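On a predicted model such as this, the values are computed, not experimentally measured, just so you know. All residue numbers in this chain count up from 1 along the given sequence. Whatever order the structure lists ligands and atoms in, that order sets their numbers, starting from 1.
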Amino acid sequence: MRKLFDCVVFLLLIVGRTVSLNPSLNDDLLGLIVFKADIQDPDNNLTSWNEDDNTPCNWKGVRCDPISNRVSDLTLDGFGLSGRVGRGILQLQFLRKLSFAKNNLTGGLPFNLAQLENLRVIDLSENRLMGPLPGNFFGQCRSLKLISLANNKFTGPVPDSLSSCSVLATVNFSGNQFSGLLPSGIWSLQGLRSLDLSRNLFEGEIPKGIESSNNLRELHLGNNQLTGEIPDGIGNCLLLRSIDLSDNSFQGSLPSSLQMLSLCNNLNLHKNSLTGEVPEWIGEMKNLESLDLSDNSFSGRLPTSVGNLRSIKLLKLSMNSFAGSLPESIINCVNLVVVDVSQNSLTGNLPTWLFKLGLQNVNFSENKLIGDIGASLKSLTDNSRQNLAVLDISKNSLTGAVPLALGDISKLQYLNLSKNSLVGGIPDSIEGLKALDVLDMSQNQLSGSIPLKIGEAVSLRDLRLEKNFLSGNIPISIEKCTSLTSLILSRNSLTGSIPAAFAKLTNLQTVDLSFNKLTGTLPRQMANLDHLIAFNISHNQVQGELPGGAFFNTIPPSSLYGNPALCGALVNKSCPAVLPKPLVLDPNSSDSTPDSSPANPSHRKKILSISALIAIGAAATIIIGVIAITVLNLRVRSATPHSASAFTLAGGDGFSSSPTTDANSGKLVMFSGDPDFSTEAPALLNKDCELGRGGFGAVYQTVLRDGRSVAIKKLTVSSLVKSQEDFEREVKKLGKIHHRNLVAIEGYYWTPSLQLLIYEFVSGGNLYKHLHEGSGGKFLSWNERFTIILGIAKSLAHLHQMNIIHYNLKSSNILIDSSGEPKVADSGLARLLPMVDRYVLSSKIQSALGYMAPEFGCKTVKITEKCDVYGFGILALEVVTGRRPVEYMEDDVVVLCDMVRGALEEGRVEECVDERLKDKFSPDEAIPVMKLGLICTSQVPSNRPDMAEVINILELIRCPSRGQDELV
Ligand SMILES: *[C@@H]1O[C@H](CO)[C@@H](O)[C@H](O)[C@H]1NC(C)=O
Ligand SMILES: *[C@@H]1O[C@H](CO)[C@@H](O)[C@H](O)[C@H]1NC(C)=O
Ligand SMILES: *[C@@H]1O[C@H](CO)[C@@H](O)[C@H](O)[C@H]1NC(C)=O
Ligand SMILES: CC(=O)N[C@H]1CO[C@H](CO)[C@@H](O)[C@@H]1O
């Protein structure tokens with residue numbers, strides 16, 4: 001059977017329709033199978049086409065005529081078919097409808113319609129068919145009513161034989177590359193209702209005889225290369241509803257017969273070379289909904305009769321030479337939605353109907369309109385308030401102040417008032433423009449400052465205020481406009497510094513602040529603006545170093561010109577070595593009086609006038625030591641004015657006990673650049689101020705003169721520490737890490753035998769104490785615990801993102817600040833070690849039992865940031881259960897994660913939650929958190945999630961609906 005079938009297919013393929021085996025349904029079946037054999041069906045929409053059926057009438061896309069029982073309809077629209085339309089189709093002698101729209105069919109058409117005499121509908125639109133149509137394509141198309149070849153790649157002329165399709169009603173050849181003249185006999189088709197030949201390459205004039213095509217309803221010839229005049233006969237096609245002749249080269253004036261087309265609702269003549277005036281009779285085309293005469297050479301005044309077009313919604317007259325004022329009668333066009341009269345020579349005031357009709361989209365740009373903008377906004381109606389979305393009245397000669405009432409137009413998305421002569425300030429009422437996307441008030445004479453309320457226009461993407469007389473600061477509230485991509489404020493008189501809030505505008509692409517009076521340094525956080533394309537601060541008084549980052553490292557010098565105090569490689573001027581204020585001190589000198597500095601007295605005077613005096617004394621060799629911060633003498637070490645802030649500090653009392661280091665000067669560096677630090681009163685640190693000890697050393701507390709406390713860590717791993725250079729590099733790197741859940745390093749002190757790290761002081765004690773030594777019934781609530789777990793996770797995610805592994809997580813390393821937020825200490829200290837060595841890490845540093853990931857004991861497994869995830873998992877369990885990672889019972893050792901894992905398996909994990917929380921916790925949160933803890937403590941590192949995933953999970957776990965009170 002199969003063999004026979006193949007043989008038949010073969011014959012069909014070779015000889016096409018001349019093989020007529022048996023004029024029956026079998027022909028149809030075989031024809032379809034042959035058709036299928038030629039195309040690809042990636043979506044398997046033709047699987048029901050099975051050659052073993054004895055009828056194709058039930059196949060998908062196939063319909064048979066109930067009487068003849070032959071295939072009559074083949075509708076395969078959107079089947080995702082590709083390949084060529086093969087000759088198998090020619091077997092379907094009874095086919096009436098062939099519809100293959102929206103596929104991916106390629107190649108040419110293999111047949112002439114004459115060969116399928118019964119075809120009424122042929123729709124091949126939206127494929128990739130190509131090539132010219134055969135000359136006799138329409139040879140015998142007696143039945144054809146509709147043909148659409150739209151949106152393919154057909155070329156060549158449309159055969160004149162088209163006019164033999166006597167009952168043709170709809171022709172759609174739009175969106176191809178047909179060329180040549182329009183088919184000459186086209187108007188003889190008495191049934192023609194819709195002719196769409198738009199978007200092709202047709203040329204020449206519209207053929208004569210259109211007046212006889214009196215069934216025509218749609219005539220779309222737009223976007224070709226047609227020439228000549230619009231034939232006057234067009235007015236005889238009384239049923240015409242839609243005329244699109246746009247984008248051609250038609251000349252002459254509007255034929256007066258058009259006025260007879262009272263049913264016409266769309267007249268599009270956009271982009272031709274039409275001339276003359278719009279005649280008074282235009283008012284007769286009473287059904288017009290859309291009139292587009294834009295981009296021609298029309299002139300004169302618009303007639304008053306336009307007011308008779310009561311149905312009109314869209315009126316586009318832009319890019320002509322219309323003059324005079326717009327007729328007041330337009331107030332009668334109550335359905336009007338879009339008005340574009342831009343680029344004409346219109347005069348007079350803004351028309352009164354502008355703010356009365358409920359217009360949505362208004363463009364009056366580039367005319368000669370005058371008058372006070374405030375006056376015309378007085379007539380603002382509710383209808384207008386609620387509908388106006390686009391208002392462009394730029395490039396006119398409007399005067400007056402920007403009216404307050406603008407703020408009431410709540411849907412406004414686009415507002416362009418640029419290039420007028422507006423005066424006064426920008427009103428606070430712009431806060432009402434919540435939907436505003438684009439605000440352009442550039443090139444006016446606006447004064448005052450940019451209102452704080454600009455931050456309420458939260459949708460702003462594009463803000464242009466350049467070339468005005470604006471003064472004052474750039475308001476910090478601008479940070480709320482997080483969608484801003486373009487901010488142009490150049491050529492005003494803005495003062496103050498560029499707010500750090502800019503760094504929050506992460507979508508910024510183009511910023512122009514040039515030609516203002518801005519001062520200060522560029523916020524360093526701006527390095528994170530990843531989308532910046534241009535940032536022009538030329539001709540201001542900006543100073544200091546540029547932010548780093550991909551953009552600022554390659555910013556063109558022209559964006560920086562005219563800021564003499566800027567420094568950095570790009571402006572060929574070096575910046576101070578350590579930013580912003582490095583201090584150098586020598587702990588071994590016994591000279592403690594300010595006046596005895598051997599330095600150049602004139603320099604000293606300068607420095608003393610800053611009165612920057614500080615010292616930290618510490619006994620280097622004695623474990624406790626005394627760290628003294630005392631007023632000491634400063635002298636300038638470097639001769640260059642730019643490093644005038646580098647000081648040498650002659651020694652303090654506390655250091656006298658380490659004479660062995662005499663030869664070496666110590667060096668103190670504060671990252672904050674806080675000038676107050678250097679004016680500290682003497683302070684003594686002693687054993688009483690010791691806060692605690694960790695794997696890296698003891699920690700002391702001291703108070704700076706401004707009342708701020710700092711913690712000072714004296715490293716006991718000093719013998720392991722790297723060279724000074726390496727140490728400083730690493731500490732500086734750590735100093736750049738800022739996160740609310742990480743204890744920040746504020747500075748350091750270095751001598752070969754003593755290293756101090758200066759940290760932000762966190763007041764609330766450590767997590768270990770809170771969990772295991774909580775006194776007097778005061779213990780952490782569930783809420784507080786969750787906050788702590790989430791905070792730890794966030795800090796670790798941040799570290800990992802910067803490729804820093806903590807290595808030393810444990811509850812005594814988690815400090816809690818006064819608001820209950822956790823702050824992870826000792827971050828990244830392992831980087832100070834000469835090498836991150838398994839032995840060193842496990843023995844010296846990560847000595848805390850129970851937190852250490854198993855891979856530390858396994859030489860073949862690489863240690864990655866997943867060891868922190870393990871530590872985090874243990875911490876999470878510790879926080880939820882209130883138990884130590886490892887507990888020693890009378891004759892037993894309880895390992896926390898094993899215990900919880902066991903309880904989970906036995907279905908009683910809820911019992912593991914800290915007893916002190918009793919009913920005051922949410923099992924819906926606590927249990928998933930414990931499960932997460934267990935996943936994080938997987939033995940295999942790759943099975944542990946990364947910290948970003950952990951955060952996502954925690955945020956999912958946290959019940960949004962939780963009543964805060966009942967759980968506290
Ligand atoms: C047509 O084919 C192209 C690639 O050849 C594919 O991207 C596209 O989705 C296809 N279109 C349809 C309608 O199947
Ligand atoms: C012609 O076909 C295209 C594509 O299918 C369609 O967008 C267009 O509206 C059709 N033209 C007319 C007049 O219906
Ligand atoms: C208004 O018209 C002008 C000139 O024709 C054009 O440049 C501008 O983009 C238009 N405004 C809007 C909002 O479309
Ligand atoms: C018209 C039609 O049924 N098209 C289907 C072809 O197959 C794909 C994939 O199964 C479907 O998504 C289409 O809807």
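Ligand 4 is surrounded by D43, N45, K60, D77, G78, F79, each with at least one heavy atom closer than 4.0 Å. At a 4.0 Å heavy-atom cut-off, the residues surrounding ligand 2 are E126, A150, N151, N172, S174, S194, D196, E218, H220, listed by chain and number.
Applying the side chain to side chain donor-acceptor pair (under 3.5 Å) test to N265 and every residue at least two apart in sequence or in another chain returns nothing.
Using a 3.5 Å distance cut-off with no hydrogens or angles, the side chains of D73 and T75 do not pair a donor with an acceptor. S194 and E218 are linked by a side-chain donor-acceptor pair at a separation below 3.5 angstrom, with hydrogens and angles left out of the test. The closest side-chain donor-acceptor pair between D196 and S198 falls under 3.5 angstrom. Remark: the N151 side chain and the R199 side chain contain an N/O donor-acceptor pair separated by less than 3.5 Å. Side-chain contact annotation: T55 with D53, donor-acceptor N/O pair under 3.5 Å absent. With 3.5 Å as the limit, one finds a donor-acceptor pair spanning the side chains of R128 and N104. Between N266 and S242, the side chains place a donor N or O and an acceptor N or O closer than 3.5 Å (distance only, hydrogens not considered). Under 3.5 Å, the side chains of S365 and S394 contain a donor-acceptor pair of N or O atoms.
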Determine all donor-acceptor pairs shorter than 3.5 Å in which one atom belongs to a side chain in residues 317-324; sequence neighbours excluded.
from	atom 1	to	atom 2	distance (Å)
N320	OD1	N296	N	3.1
N320	OD1	S297	N	3.2
N320	OD1	F298	N	2.9
N320	ND2	L293	O	2.9
N320	ND2	L317	O	3.1
N320	ND2	S318	O	3.2

Decide ring-ring contact (aromatic ring centres under 6.0 Å, His included) for F100 and F35; before the verdict, give the C-alpha distance in whole Å, the side-chain angles of both, and the deciding distance to 0.1 Å. CA-CA 12 Å; F100 295 169; F35 166 77; 5.3 Å; yes

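Of the heavy atoms in S342, only side-chain atoms (C-beta onward) come closer than 4.0 Å to ligand 3. With a 4.0 Å cut-off on non-hydrogen atoms, V390 touches ligand 3 through its side chain and not its backbone.
At a 3.5 angstrom cut-off on N or O pairs, S318 does not count as close to ligand 3. Residue Q343 has at least one nitrogen or oxygen atom sitting less than 3.5 Å from a nitrogen or oxygen atom of ligand 3, judged on distance alone. Between D392 and ligand 3, at least one pair of N/O atoms sits closer than 3.5 Å.
Within the cation-pi definition used here (under 6.0 Å to the ring centroid, within 45° of the axis), K60 qualifies as a partner of F79.
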